[in-house]
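Fair warning: this is a prediction, and the values are worked out from it, not measured in the lab.
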Amino acid sequence: LNVYLDRARFLAENAAADQRVIASTRRDFDRLVSRGKVESKDLDLYLDKIAELPPAERTKALRDLTKAMNDGRIEGRF
């Protein structure tokens, strides 16, 4: 029983940590969009942060970044 409780606690803690990283990454994306033109180093830092996301959220974040760069909301190069 303790093993199951420990696993449940572990999963809950990881889910909470994932939500914090997702929220932080979203705020960073909004800041990039508000700045418009960004330096390569800023994009690199953002990509490093995206790498920490769970797979589904990582895919969404990369899609949002690509779309923002393609439609001109973010100007920058990798």
Whether the side chain of S40 engages the backbone of R77 through a donor-acceptor N/O pair (distance < 3.5 Å, no angle test) should be reported.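 Side chain of S40 to backbone of R77, a donor-acceptor pair under 3.5 Å: yes, one is there.
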Are the side chain of T66 and the backbone N or O of L62 linked by a donor-acceptor pair below 3.5 Å?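 Yes, the answer is positive, given that a donor and an acceptor are paired below the 3.5 Å cut-off.
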[atom1] of [X] to [atom2] of [Y]: how many Å apart, nearest 0.5 Å?
| X | Y | atom1 | atom2 | value |
| --- | --- | --- | --- | --- |
| D64 | M69 | CG | CE | 13.0 Å |
| K60 | I22 | NZ | CD1 | 10.0 Å |
| F29 | K49 | CZ | NZ | 14.0 Å |
| D42 | L47 | CG | CG | 11.0 Å |
| D44 | E39 | CG | CD | 11.0 Å |
| D18 | E52 | CG | CD | 10.5 Å |

Which heavy atom of G76 sits nearest a heavy atom of L43, and at what distance?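 Heavy-atom minimum between the residues: C-CD1, 3.9 Å.
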Going through the distances and angles, do T59 and L53 end up as a side-chain contact (heavy atoms from CB on, under 4.5 Å)? CA-CA 9 Å; T59 299; L53 294 171; over 6 Å; no
Using the rule that two of Ile, Leu, Val, Met, Phe, Trp, Tyr join whenever any of their side-chain heavy atoms come within less than 4.5 Å, decide whether V38 and V33 are in one cluster.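 Yes, same cluster.
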SB check D28 R31 (cutoff 4.0 Å):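 Yes, this pair counts.
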